[in-house]
Amino acid sequence: MNRRRAKKLAHRLVIAGLTSDTAAAARLLRAGADPDRPNAEGTTPLYQAAVHGVAPIVALLLAAGATPDLESGHGTEGTPLCAAALWAHDDVVRELLAYGADPELREDGGTGHTPLDWARHFGHTETIRLLEAARRLS
């Protein structure tokens, strides 16, 4: 696949996560979109779907080989699990943990918050429970 086409598919896959368009995400993945390739702004498809709580797209991306702990953005976004924990998207948290996302990984290249830090800061009780249970298993 040429670079221009790969870039266009990546952009569209990030948009699918933003707009909750599961059918489009599936089509793009079948067409060869790289589930880890960021758009021009550095946003990864998995982060976009996670921050917006789109569990079906998160599941599709993970099944297609997306890296669950890949940090998104140019220092302004973070990890998919941190994003999901921040917004209490518990179905997304479950998907990410099932695919091996590290509940103790600090974002911002290891210097920032953990998913549990975000969940505790905003008082997301169920998210806290999920992350603490995952920590005990790791």
Asks: If you group Ile, Leu, Val, Met, Phe, Trp and Tyr by side-chain heavy-atom gaps below 4.5 Å, do L105 and L96 land in one group?
Replies: no
Asks: For residues L13 and L62: do they belong to one hydrophobic cluster (side chain heavy atoms under 4.5 Å, members Ile, Leu, Val, Met, Phe, Trp, Tyr)?
Replies: yes
Asks: Hey, are the side chains of D102 and L81 touching, using non-hydrogen atoms and a 4.5 Å cut-off?
Replies: no
Asks: Checking the side chain of R106 only, and the main-chain atoms of G112 only, is there a donor and an acceptor separated by less than 3.5 Å?
Replies: yes
Asks: Check for a donor-acceptor pair, side chain of T43 on one end and backbone N or O of N39 on the other, with a separation under 3.5 Å.
Replies: no
Asks: Please confirm whether the backbone N or O of R5 pairs with a side-chain atom of N2, one donor and one acceptor, at under 3.5 Å?
Replies: yes
Asks: Between D117 and T114, does a side chain to side chain contact (heavy atoms under 4.5 Å, CB included) hold up when you go through it step by step?
Replies: CA-CA 5 Å; D117 292 337; T114 66; 3.1 Å; yes
Asks: Search all heavy atoms of Y47 against all heavy atoms of A83 and return the closest pair with its distance.
Replies: CE1-CB, 3.5 Å
Asks: If you draw a 6.0 Å radius around CZ in R94, do more than 12 non-hydrogen atoms from other residues or ligands fall strictly inside?
Replies: yes
Asks: Which pair of heavy atoms, one from A16 and one from I57, lies closest together, and at what distance?
Replies: O-CD1, 3.3 Å
Asks: Are any non-hydrogen side-chain atoms of D34 and L9 less than 4.5 angstrom apart?
Replies: no
Asks: Considering all heavy atoms of both residues, which atom of G65 and which atom of D36 are nearest to each other, and what is their separation?
Replies: O-OD2, 4.0 Å
Asks: Does some side-chain heavy atom of E71 sit less than 4.5 Å from a side-chain heavy atom of E77?
Replies: no
Asks: Shortest non-hydrogen contact from T127 to A85?
Replies: CG2-CA, 3.7 Å
Asks: Does the side chain of H89 come within less than 4.5 Å of H52's, by heavy atoms?
Replies: no
Asks: Under a 4.0 Å threshold between the charged nitrogen and the carboxylate oxygen, would E126 count as salt-bridged to R129?
Replies: yes
Asks: Whether the side chain of S72 engages the backbone of T44 through a donor-acceptor N/O pair (distance < 3.5 Å, no angle test) should be reported.
Replies: yes
Asks: Do D69 and T79 pass the side chain to side chain contact (heavy atoms under 4.5 Å, CB included) test, and can you show the C-alpha distance, the side-chain angles, and the key distance before you say yes or no?
Replies: CA-CA 6 Å; D69 288 328; T79 66; 5.5 Å; no
Asks: When hydrophobic residues are tied together by side-chain contacts of less than 4.5 Å, even through go-betweens, does V54 share a cluster with Y99?
Replies: yes
Asks: Once you measure the plane-to-plane angle for W118 and H121, does it fall in the parallel (<30°), tilted (30-60°) or perpendicular (>60°) bin?
Replies: perpendicular
Asks: Side-chain heavy atoms under 4.5 angstrom apart, residues restricted to Ile, Leu, Val, Met, Phe, Trp, Tyr: same cluster for V93 and L86?
Replies: no
Asks: Taking side chain as C-beta onward, heavy atoms only, is L61 less than 4.5 Å from V58?
Replies: no
Asks: With a 4.5 Å cut-off on side-chain heavy atoms, are L46 and L70 touching?
Replies: no
Asks: With side chains defined as the heavy atoms from C-beta onward, is the minimum distance between H124 and D90 less than 4.5 Å?
Replies: no
Asks: Just jot down the ring-ring contact (aromatic ring centres under 6.0 Å, His included) partners of H11, sequence neighbours excluded, or say none.
Replies: none
Asks: Determine, using the 4.5 Å side-chain heavy-atom cutoff (strictly less than), whether L131 and F122 are members of one ILVMFWY cluster.
Replies: no
Asks: Rounded to the nearest 0.5 Å, how far does CD of E95 lie from CG of L60?
Replies: 9.5 Å
Asks: As an exercise, state the distance from CD1 of I15 to CD of Q48, rounded to the nearest 0.5 Å.
Replies: 7.0 Å
Asks: How does the hydrophobic cluster around V14 look, that is, which other residues are in it when side-chain heavy atoms under 4.5 Å mark a link?
Replies: none
Asks: Give me the atom names and distance for the closest heavy-atom approach of A10 to P38.
Replies: CB-O, 3.9 Å
Asks: What pair of heavy atoms forms the shortest contact from A84 to V92, and how long is it?
Replies: CB-CG1, 3.6 Å
